[in-house]
> 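Let me begin by handing over the structure; questions about it come next.
Here is how names work: the chains are called A, B, and so on, in the same order as the sequence lines, proteins then strands, and each is numbered from 1. These numbers come from the heavy atoms of this one structure, side chains and all, not from hydrogens, waters or symmetry mates.
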Amino acid sequence: MSPFPLPLDAMFGHAGAYFVYMLIGFAFGYVLEISGFAISTKLAAQFYFKDMTVLKVMFTAIIVAMVLIFLATGLGLLDYNLIWVNPTYLWPGIVGGLIMGVGFIVGGFCPGTSLVSAATFKIDGIFFAVGGLFGIFLFGETVQSFEAFWNSSYFGRLTLMDWLGLPTGVVVIGVVLMALFMFWGGEQLERIFGGQPQPQRSWGRRAGVATLLAGALLVALIGQPTTQDKWVRLAPEKEALLSARDVQIHPGELLASLADDQLNVILLDVRDEADYNLFHLRRARHLSLDKVTATIPDLQLEAGANTVYVVMSNDERAATEAWKLLVAESVPNVYILEGGINNWLTVFGHDDPTVQPTPTPPGNEPLQFIFASAVGDRHSAADPDAHHYELEYTPKIKLELKRGASGGGCG
Amino acid sequence: MTTAVVEEPKRRGWRAVLLGRAEKPYVNPYVGGALLGVVLFLSFFLTGNGLGASGGLNRYVVYLQDLLAPEHVDRVAYLLKMAGGDKNPLDDYLVFMTLGTLLGGFVSGWQHGRLKFETNKGPQISVRTRWLMAFVGGAIMGYGARFARGCTSGQALSGGAVLSAGSWAFMFAVFGGGYALAYFVRRLWN
């Protein structure tokens with residue numbers, strides 16, 4: 001498993017983790033200040049092409065961080081699944097962005113820079129920060145009146161790679177080239193509108209450009225690990241769990257977990273659609289095996305500290321395949337229904353005489369019961385009453401301590 | 001008769017310690033950007049989260065609201081998520097990151113002699129107008145940042161670096177909004 005991001009809570013405790021965040025915040029504030037971001041006139045000059053510091057600092061930061069991040073994920077040091085990628089709410093994002101652009105040019109800051117400005121005693125920065133708090137308060141009070149729009153055009157964890165259909169390396173190179181072009185354009189604009197001298201060619205500048213381009217090329221050359229690569233890396237550790245049967249939960253444990261208000265159990269049924277239509281557990285989602293990988297970003301977004309995923313097939317074969325894919329992509333708390341749907345029906349279906357076990361069913365991993373019609377979840381065994389059953393089993397679900405992203409920079 | 005004049009060393013008050021350092025120039029923007037990029041990378045690398053500012057501020061606001069009107073907080077879904085029941089809105093990493101940002105800005109400002117009570121403004125407007133505009137702009141910005149689920153740091157910078165499609169659309173919208181209005185408010189800055 002990729003060692004980063006670190007399980008901060010497990011390593012340093014709750015308070016210790018917050019201390020790490022404070023140190024990161026400290027570095028953030030420090031760097032903003034040394035770049036001149038505490039001065040509103042310097043920030044606003046960006047919009048009159050006189051001083052393109054904002055553009056230069058922002059895009060340099062983005063491309064440097066991007067190259068380092070995708071080198072780290074490419075080398076298997078960092079798990080891209082565990083870092084926060086802002087989910088896309090396209091239109092609310094664009095409208096909010098336009099509003100912020102207006103706030104920027106009227107007020108002269110953005111929230112982060114106003115903090116640094118206020119911290120260095122700039123009075124306009126203090127007014128801006130207080131205004132910002134007021135705006136945030138207003139938003140909390142009015143969001144109810146346009147909640148539908150605010151939650152619209154949701155695309156989940158959509159990346160530029162998904163959107164463009166290009167490999168990560170190509171997108172990284174493209175973004176670096178675009179930023180370099182913008183720096184060149186920005187310097188021309190500064191010369192024309194701000195009367196600033198043409199910057200001299202220096203070795204430092206050449207080295208910077210060369211390093212960035214080389215980094216981006218390296219990202220493309222290394223590539224990003226596939227689900228299969230990730231599984232191969234994890235296999236020794238995780239195969240042991242499978243063979244020790246540490247992750248196959250008894251139907252009784254699943255039933256008890258479903259009835260447990262403290263857990264959010266998500267059922268993933270990976271059988272073919274015909275079997276799913278014949279019979280499935282209530283609230284089980286149908287997810288065919290070939291779609292598992294594509295669904296992982298959405299599952300990651302759903303994963304809370306108390307979310308448990310249970311995969312099931314007729315016996316355990318397909319479910320185990322799905323389990324491997326999910327585990328390889330770092331979905332937390334994934335379990336397999338022991339003995340699958342067949343075992344479930346053996347335990348909970350016996351009081352319905354119309355459901356007959358078939359002795360020698362044909363095919364690969366078949367459903368061993370015959371239903372008179374496709375009942376879906378309209379069957380007593382699809383949602384048994386937990387209070388009616390006293391089943392003996394060894395509980396196996398242990399919630400993992402959550403690692404990695406916890407809701408993004410502005411949650 | 002002679003009286004010995006004891007030369008007392010010049011005591012420097014807190015004002016001198018805080019505000020008296022010689023002002024140093026800012027770093028080259030590309031160097032500043034590269035350092036910011038490294039900080040942003042370390043944030044993702046160590047914690048899985050990017051940088052943020054408005055989310056922390058948000059939680060300070062909700063904390064105050066929860067102190068003053070807890071029943072109201074319990075009725076609004078958006079606030080409920082952060083402060084419903086016995087949830088403490090300050091129990092969040094962003095609150096500490098924001099605190100760190102303030103400290104970092106302050107320390108750098110002190111170290112480089114840039115702590116100064118001053119109002120930066122364009123030459124054609126009064127200090128009071130600048131204050132008013134800063135407040136109004138801040139309110140618009142705060143509102144927009146929550147609307148877009150993130151500010152320049154949390155969306156544009158952090159989402160941009162991990163190549164979130166929505167964050168890139170957002171980033172161009174911010175610059176678009178600024179540039180579209182810049183001409184009409186040019187008196188504020190020029």
> Could you tell me which portion of B:Ala156 (side chain, backbone, both or neither) has an atom closer than 4.5 angstrom to a non-hydrogen atom of chain A?
both

> Check whether any side-chain heavy atom of A:Met66 lies under 4.5 Å from a side-chain heavy atom of B:Val162, and answer yes or no.
no

> Can we call the ring centroids of A:Phe104 and B:Phe175 under 6.0 Å apart?
no

> Is it true that atom CZ of A:Phe19 has more than 12 heavy atoms of other residues, nucleotides or ligands lying nearer than 6.0 Å?
no

> Check whether A:Ala72 gets within reach of chain B through its side chain, its backbone, both or neither, counting any heavy atom under 4.5 Å.
side chain

> Out of curiosity, A:Asp9 CG to B:Tyr93 OH, how far, rounded to the nearest 0.5 Å?
12.5 Å

> Any side-chain donor paired with an acceptor under 3.5 Å for B:Gln65 and A:Glu141?
yes

> For the interface with chain A, which of B:Tyr183, B:Phe44, B:Trp110 has the highest count of heavy-atom pairs at distances below 4.5 Å?
B:Phe44

> Are the side chains of A:Lys122 and B:Thr119 in contact, using a 4.5 Å heavy-atom criterion?
no

> With a 4.5 angstrom heavy-atom cut-off, which part of A:Val175 approaches chain B: side chain, backbone, both or neither?
side chain

> In terms of heavy-atom pairs under 4.5 Å, which option from B:His72, B:Arg130, B:Met133, B:Lys121 contacts chain A the most?
B:Arg130

> Chain B: which of A:Leu23, A:Ile94, A:Val95, A:Val172 shares the most heavy-atom pairs with it under 4.5 Å?
A:Ile94

> If we only count heavy atoms from C-beta on, is the B:Glu118 to A:Ile39 side-chain gap below 4.5 Å?
yes

> Does any donor atom in the side chain of A:Lys42 or B:Asn120 lie under 3.5 Å from an acceptor atom in the other side chain?
no

> Atom OG1 of A:Thr159 and atom CH2 of B:Trp168: how far apart are they, to the nearest 0.5 Å?
13.0 Å

> Pick from B:Leu40, B:Val127, B:Leu102: which one has the most heavy-atom pairs with chain A under 4.5 Å?
B:Leu102

> When B:Phe45 is tested against each of A:Leu68, A:Leu77, A:Ile83, A:Ile69 for side-chain contact (heavy atoms from CB on, under 4.5 Å), which residue passes?
A:Leu77

> What part of A:Val57 gets closer than 4.5 Å to chain B, counting heavy atoms only: side chain, backbone, both or neither?
both

> Going from CZ on A:Phe37 to OG1 on B:Thr152, what distance comes out if it is rounded to the nearest 0.5 angstrom?
9.5 Å

> Check the side chains of A:Tyr18 and B:Asp92 for a donor-acceptor pair under 3.5 angstrom, ignoring hydrogens and angles.
no

> Checking B:Trp131 against chain A: side chain, backbone, both or neither under 4.5 Å from a heavy atom?
both

> Against chain A, label B:Leu64 side chain, backbone, both or neither, depending on which of its atoms sit under 4.5 Å from a heavy atom there.
neither

> Do the side chains of A:Val106 and B:Leu181 get nearer than 4.5 Å, heavy atoms only?
yes

> Just give me the residue among B:Gly178, B:Ala148, B:Gly159 that pairs up with chain A most often, heavy atom to heavy atom, under 4.5 Å.
B:Gly178

> Taking all non-hydrogen atoms of both residues, which atom of A:Met100 and which atom of B:Cys151 are closest, and how far apart?
CE-CA, 3.6 Å

> Run the ring-ring contact (aromatic ring centres under 6.0 Å, His included) test on B:Tyr179 and A:Phe49 for me, step by step, so that the C-alpha distance in whole Å, both residues' side-chain angles and the decisive distance to 0.1 Å come before the verdict.
CA-CA 10 Å; B:Tyr179 279 109; A:Phe49 305 119; 5.2 Å; yes

> Report which part of A:Val171 has an atom under 4.5 Å of a heavy atom belonging to chain B: side chain, backbone, both, or neither.
side chain

> State, to 0.1 Å, how close B:Ser108 and A:Glu33 come at their nearest heavy-atom pair, and which atoms those are.
OG-OE1, 2.7 Å

> For chain B, which candidate among A:Glu187, A:Glu147, A:Arg205 shows the most heavy-atom pairs at distances under 4.5 Å?
A:Glu187

> Taking the six-membered ring of A:Tyr48, is NZ or CZ of B:Arg186 closer than 6.0 Å to its centre and within 45° of its axis?
no

> Any chance you could measure B:Leu42, atom CG, to A:Phe4, atom CZ, to the nearest 0.5 Å?
9.5 Å

> What part of B:Leu79 gets within 4.5 angstrom of chain A, counting heavy atoms only: side chain, backbone, both, or neither?
side chain

> Which bit of B:Lys24 is near chain A, if near means a heavy-atom gap under 4.5 Å: side chain, backbone, both or neither?
neither

> Determine the minimum heavy-atom distance between A:Ala119 and B:Phe106, stating which atoms define it.
O-CD1, 3.3 Å

> Mind telling me whether A:Phe146 and B:Tyr143 have parallel, tilted or perpendicular rings, with 30° and 60° as the class edges?
tilted

> Short question: side chain of A:Tyr21, backbone of B:Ser43 - any donor-acceptor pair under 3.5 Å?
no

> Is the backbone N or O of B:Gly33 less than 3.5 Å from a side-chain atom of A:Thr60, with the two atoms forming a donor-acceptor pair by type?
no

> Look at A:Gln46, A:Arg157, A:Met161 and state which one has the largest set of heavy-atom pairs under 4.5 Å with chain B.
A:Gln46

> Minimum heavy-atom separation for A:Leu90 to B:Ala169, with atom names?
CD1-CB, 3.8 Å

> Okay, side chain of B:Ser164, backbone of A:Asn86: is any donor-acceptor separation there less than 3.5 Å?
yes

> Tell me, do B:Phe147 and A:Pro92 make a side-chain contact under 4.5 Å, heavy atoms counted?
yes

> Between B:Trp189 and A:Ser40 (side chain of the first, backbone of the second, donor and acceptor by atom type, cut-off under 3.5 Å), is there such a pair?
no

> So, for B:Ala53 and A:Pro111, which heavy atoms are closest and what is the spacing to 0.1 Å?
CB-C, 4.2 Å

> Can you tell which part of A:Phe155 gets under 4.5 Å to a heavy atom of chain B, answering side chain, backbone, both or neither?
neither

> Heavy-atom pairs under 4.5 Å with chain A: which of B:Leu36, B:Thr98, B:Ile140, B:Thr101 has the most?
B:Thr101

> Taking the six-membered ring of A:Trp150 (Phe, Tyr or Trp), confirm whether the NZ or CZ of B:Arg146 is under 6.0 Å from its centre and within 45° of its axis.
no

> Among the options A:Pro87, A:Gly97, A:Ser153, A:Ala118, pick out the one with the most heavy-atom pairs lying under 4.5 Å from chain B.
A:Gly97

> Rounded to the nearest 0.5 Å, what separates atom OG1 in A:Thr41 from atom CG in B:Leu188?
12.5 Å

> Look at A:Phe137, A:Phe149, A:Phe134 and state which one has the largest set of heavy-atom pairs under 4.5 Å with chain B.
A:Phe137

> By a 4.5 Å heavy-atom criterion (distance strictly below it), what part of B:Asp91 contacts chain A: side chain, backbone, both, or neither?
both

> Among the options A:Thr142, A:Ile63, A:Thr113, A:Thr120, pick out the one with the most heavy-atom pairs lying under 4.5 Å from chain B.
A:Thr120

> Measuring only between side-chain heavy atoms, which start at C-beta, is B:Val31 closer than 4.5 Å to A:Ile34?
no

> Just verifying a value: how many Å separate B:Leu46 CG and A:Leu6 CG, rounded to the nearest 0.5 Å?
5.5 Å

> Under a 4.5 Å heavy-atom cutoff, which of B:Leu19, B:Val61, B:Asn28 has the most pairs with chain A?
B:Val61

> Below 4.5 Å from any heavy atom of chain B, which atoms of A:Val130 appear? Answer side chain, backbone, both or neither.
both

> Restricting to non-hydrogen atoms, name the atom on B:Gln111 and the atom on A:Tyr30 that form the minimum distance, rounded to 0.1 Å.
OE1-OH, 2.6 Å

> Taking the six-membered ring for Trp, are the ring centroids of B:Phe135 and A:Phe127 within less than 6.0 Å of each other?
no

